[in-house]
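Being a predicted model, the structure only gives us computed values, none of them experimental. Note that the numbering runs from 1 along the sequence shown for the chain.
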Amino acid sequence: MLRRCTLGESYRRLVLRAAPDRPRPRLRPRPLGAGASLVYLSATALWLLAARPPALPWLGLAALAVAAAGLYLPGLANQISLGRAYLAGPALGLGATRALLPLALVILLAAATDLADGFAARRWEKPTRLGGALDPVVDGLLFGSAGVGLALAALYPLWLAVVVILRYLLPALGGGLLLLFGRQPVLKHTPAGQASTAAIALLLIGLAAWVALGRDARWLLLAAEVVIPLSAAAALLNLAWVNRSALSAGPVHG
């Protein structure tokens with residue numbers, strides 16, 4: 001018995017020694033990422049030159065940072081999702097300068113990309129963990145920027161803009177911490193999360209359009225102050241429930 005164990009251990013060591021090391025994946029720019037970054041940067045540059053928004057250099061640098069990340073991002077669906085990060089700058093600038101109808105159109109365009117990336121993932125690719133992680137990040141950038149822009153124009157409470165940012169920031173931080181501790185978070189849309197995103201988008205669009213038309217939007221703002229925090233809390237609770245196994249499990253080794 002002792003000899004068998006010894007021979008078995010020797011064989012295992014020999015196999016492990018002879019096995020070639022697996023090559024680590026190399027991070028390289030992707031042709032699709034380069035093309036999408038060029039298109040997005042060109043559109044952003046045209047808007048910056050035409051609108052001359054406040055903090056123009058910072059908005060340009062932010063767009064360059066997004067483009068640098070987009071170079072390495074795989075998949076058409078993810079590139080479509082990243083479009084919402086580029087729209088965050090215009091949303092901030094338009095809100096701060098009270099260009100409210102264009103702001104409403106920007107948020108509508110962002111909502112269209114949210115539908116388009118899901119269609120692209122199902123039709124030509126398959127939903128991935130990366131896509132599930134990217135969505136809340138770009139949604140938070142877009143809606144948070146729109147809220148902060150409106151708050152700078154005194155049309156939106158700053159605390160509500162902070163709630164919108166935390167609605168998307170907390171899941172991103174939570175998922176990162178779970179991965180850091182060796183757990184596997186569930187990265188997917190939840191019913192409450194989708195309802196929360198729809199409510200935020202519709203209320204931002206409605207508020208911007210209603211004020212632009214010269215109407216009294218106090219009732220719409222009151223609705224936003226009630227619906228957005230409640231829907232954000234429901235989204236976070238739903239996400240915590242979906243991830244209850246990852247939250248309670250021990251770290252995964254290997």
Side-chain angles (χ1 to χ4, degrees), residues 62 66 69 78 80-92 94-96 103-104 106-115 117-118 127 129-153 155-180 183 185-209 217 220-244 246-247:
V66 175
N78 291 330
I80 295 173
S81 298
L82 197 62
R84 297 198 288 285
Y86 286 97
L87 291 173
L92 176 63
L94 293 170
L103 174 61
V106 163
I107 299 174
L108 273 174
L109 178 59
T113 68
D114 201 7
L115 295 174
D117 63 14
R129 290 172 60 82
L130 176 59
L134 181 64
D135 262 1
V137 173
V138 295
D139 286 343
L141 284 172
L142 172 74
F143 295 130
S145 297
V148 169
L150 289 172
L152 291 174
L155 296 173
Y156 201 73
L158 183 59
W159 70 265
L160 193 56
V162 172
V163 169
V164 171
I165 292 170
L166 291 176
R167 150 71 182 92
Y168 297 99
L169 179 62
L170 291 178
L173 291 177
L177 286 174
L178 286 175
L179 289 172
L180 184 64
R183 314 238 179 131
V186 178
L187 302 174
K188 68 175 186 179
H189 294 293
T190 61
Q194 290 177 313
S196 172
T197 294
I200 291 170
L202 288 173
L203 286 166
L204 282 171
I205 292 169
L207 181 64
L220 199 54
L221 187 57
L222 179 61
E225 290 175 343
V226 174
V227 172
I228 289 178
L230 289 178
S231 66
L236 294 175
L237 288 173
N238 195 177
L239 193 60
W241 174 257
V242 169
N243 280 278
R244 61 191 182 279
L247 291 169

Kindly give the heavy-atom pair with the smallest separation between [X] and [Y], and that separation in Å.
{"X": "Ala234", "Y": "Ala192", "answer": "O-CB, 3.6 Å"}
{"X": "Leu141", "Y": "Ala85", "answer": "CD1-CB, 4.0 Å"}
{"X": "Ala153", "Y": "Ala96", "answer": "CB-O, 3.9 Å"}
{"X": "Ala217", "Y": "Leu207", "answer": "CB-CD1, 3.7 Å"}
{"X": "Gly147", "Y": "Tyr156", "answer": "O-CD2, 3.6 Å"}
{"X": "Arg84", "Y": "Leu142", "answer": "O-CB, 3.8 Å"}

Could you give the distance from [atom1] ([X]) to [atom2] ([Y]), rounded to the nearest 0.5 Å?
{"X": "Leu236", "Y": "Tyr168", "atom1": "CG", "atom2": "OH", "value": "10.0 Å"}
{"X": "Asn238", "Y": "His189", "atom1": "CG", "atom2": "NE2", "value": "12.5 Å"}
{"X": "Ile228", "Y": "Leu204", "atom1": "CD1", "atom2": "CG", "value": "6.0 Å"}
{"X": "Leu92", "Y": "Leu87", "atom1": "CG", "atom2": "CG", "value": "12.5 Å"}
{"X": "Ile107", "Y": "Leu203", "atom1": "CD1", "atom2": "CG", "value": "10.5 Å"}
{"X": "Ile205", "Y": "Leu108", "atom1": "CD1", "atom2": "CG", "value": "4.0 Å"}

I'd like a table of donor-acceptor pairs (distance under 3.5 Å, sequence neighbours excluded) in which one partner is a side-chain atom from residues 157-164, with atom names and distances.
none

| query | How would you list, by chain and number, every residue that makes a side chain to side chain contact (heavy atoms under 4.5 Å, CB included) with Ile80, sequence neighbours excluded? | reply | Leu76, Thr113, Ala116, Asp117, Ala120
Do the side chains of [Y] and [X] get nearer than 4.5 Å, heavy atoms only?
{"X": "Thr197", "Y": "Arg167", "answer": "yes"}
{"X": "Ile165", "Y": "Val148", "answer": "yes"}
{"X": "Asp135", "Y": "Asp114", "answer": "yes"}

| task | Go through the steps to decide whether Leu150 and Leu103 satisfy the test side-chain contact (heavy atoms from CB on, under 4.5 Å), and finish with yes or no. | result | CA-CA 10 Å; Leu150 289 172; Leu103 174 61; 3.7 Å; yes
